[in-house]
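Everything below concerns the one structure shown next.
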Amino acid sequence: MPREAIVDLPCRVKHELGEGDLRAGSRGLVNLLRAGEVVEQIRSRPRQDGKPVDSVVVKMPHLTATGIEELSSTVGELESHIDSLEPLIPLCTNCPANALRRPFGCVGGLPEPIPRAVETYALERIAAGVGGALLLQTLADRSIDGSVARDFRVNGKFEALPGPSRKLPANAYGKLTLTADELFEPLLIANGTLEPWMSLNVLLWFGGVTLDERLPQSIDDVLLLTRLDPAERPKRTRCH
C-alpha cells in the first residue's frame, strides 16, 4: 500500500463526494482511490477456490474524521462505491491541484518499501546554497536526528537497511554528512499536513523551483517568492 498524499485544494470533486463537506470529500477520495487499487490487484490474480471475485471479502484501512479504521467489504461492494468516481472525472481537467495530470491527480502515493534508489536520488538532489541551508536550518530547528525515519525503516517501510547518506560541502552548521533518515523524517508528515510555507521550503531543498529562470540565490529571493502576487507567480516562477 503506498504512502498517500493529497494536494488538498477545494474542488467540485471533493464537494460532491463529501456532500458539501470538503474535508470529508478529501477523505472519501483517498478511500475510493485506495479501494480501486486493491480491487484491481485482486482481479488481476488468478483464483484457485472457484469463488466469484465479487464475493471476496477485503479488509482495508479507512480514513475517518477521527483517524483510521479497518473496515471489511466485498469486492463487489467496493466496486459499487468506486463507480461513483466515473462521472466526476471531467471535473479534474485543468484543475491546478492535478499535479499528476490524470483523473484525480491531486492524490499520489510513494509505494512502500521506499526503494534505495529513491533515497539516493533525493539525497543527490539536495541543492547547494540557500536551498541546502534551509534544509539544515529545518533539521536544527526541529531537532531532527532521523530517529523517526529509522523506526519506519526497521518496520519495513524502506528497502535499505541501513539507509544511504552523502557527504556535505562546508556549511555554516558544521554538518559533515546528511543521512536519508534525517532527510526523510520531515517528509513523513507525522501531523498529517504539509503547510504551504513548508511545501515551498521542501521545493527549495531540492532545487525544485526557480525565480526568473534561476534558482533562488539568497534569503531575499526566498522572501520574494513568498510575497509574489498570485497573478505574478506563473510568470516569474517555474516548478521543476
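The first residue in the sequence is number 1, and the count goes up from there.
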- Note on the structure: Residues V57 and S72: closest non-hydrogen pair is CG1-CB, 4.2 Å
- Atom CG of L85 and atom CZ of F104: how far apart are they, to the nearest 0.5 Å? 4.5 Å
- Task: Show your working on ring-ring contact (aromatic ring centres under 6.0 Å, His included) between F184 and F158 and close with a plain yes or no.
- Result: CA-CA 10 Å; F184 273 75; F158 292 87; 5.6 Å; yes
- Query: With no hydrogens and no angle check, is any side-chain donor or acceptor of E86 less than 3.5 Å from a backbone partner on D83?
  - Reply: no
- Query: Does the side chain to side chain contact (heavy atoms under 4.5 Å, CB included) test come out yes or no for C239 and L203, once each step is laid out?
  - Reply: CA-CA 8 Å; C239 188; L203 283 172; 4.0 Å; yes
- Query: Are the side chains of N31 and H81 in touch, meaning some heavy atoms are under 4.5 Å apart?
  - Reply: no
- Between D151 and K157, is the closest basic N to carboxylate O distance under 4.0 Å? no
- Task: Give the minimum heavy-atom separation between C92 and V13, together with the two atoms involved.
- Result: SG-CG2, 4.3 Å
- Message: Within this structure, what is the CZ-OG1 distance for the pair R116 and T120, rounded to the nearest 0.5 Å?
- Response: 6.0 Å
- Message: Is any side-chain heavy atom of V58 closer than 4.5 Å to one of S73?
- Response: no
- Hey, does the side chain of R150 reach the backbone of G163 with a donor-acceptor pair shorter than 3.5 angstrom? no
- Message: Between L183 and E119, does the side chain to side chain contact (heavy atoms under 4.5 Å, CB included) criterion hold? Intermediate values first, please.
- Response: CA-CA 9 Å; L183 173 59; E119 294 190 82; over 6 Å; no
- Is there side-chain contact between I219 and L134, with heavy atoms separated by less than 4.5 Å? yes
- Between W205 and N201: side-chain donor-acceptor atoms closer than 3.5 Å: yes
- Message: When you compare the side chain of K14 with that of D8, does any pair of heavy atoms fall below 4.5 Å?
- Response: yes
- Test item: E19 side-chain N/O and L17 main-chain N/O as donor-acceptor pair under 3.5 Å: no
- Item | Under 3.5 Å donor-acceptor, R153 side chain and A160 backbone | yes
- Taking all non-hydrogen atoms of both residues, which atom of S26 and which atom of I6 are closest, and how far apart? CB-CD1, 4.2 Å
- Check: T179 and P162 side chains under 4.5 Å, non-hydrogen atoms: no
- Heavy atoms only: give me the nearest G207-A127 pair and the separation to one decimal. N-CB, 3.7 Å
- Item | Taking every non-hydrogen atom, the tightest pair across I68 and P61 | CG2-CB, 3.7 Å
- Pairwise distance CD(E232) to CG(L211) - rounded to 0.5 angstrom: 10.5 Å
- Task: Begin with the C-alpha distance, continue with both residues' side-chain angles, and end with the deciding distance and a verdict on side chain to side chain contact (heavy atoms under 4.5 Å, CB included) for T74 and S55.
- Result: CA-CA 5 Å; T74 66; S55 65; 5.6 Å; no
- Query: Does the side chain of D220 come under 3.5 Å of the side chain of S218 through a donor N or O and an acceptor N or O?
  - Reply: no
- Task: Taking the side chain as every heavy atom from C-beta outward, state whether T138 and M198 have any atom pair closer than 4.5 Å.
- Result: yes
- Message: Using 0.5 Å steps for rounding, measure from the CG atom of L136 to the CD atom of E182.
- Response: 9.0 Å
- Query: Which heavy atom of I126 sits nearest a heavy atom of G132, and at what distance?
  - Reply: CG2-CA, 4.2 Å
- Can you find a pair of side-chain heavy atoms, one from R12 and one from C95, that are under 4.5 Å apart? no
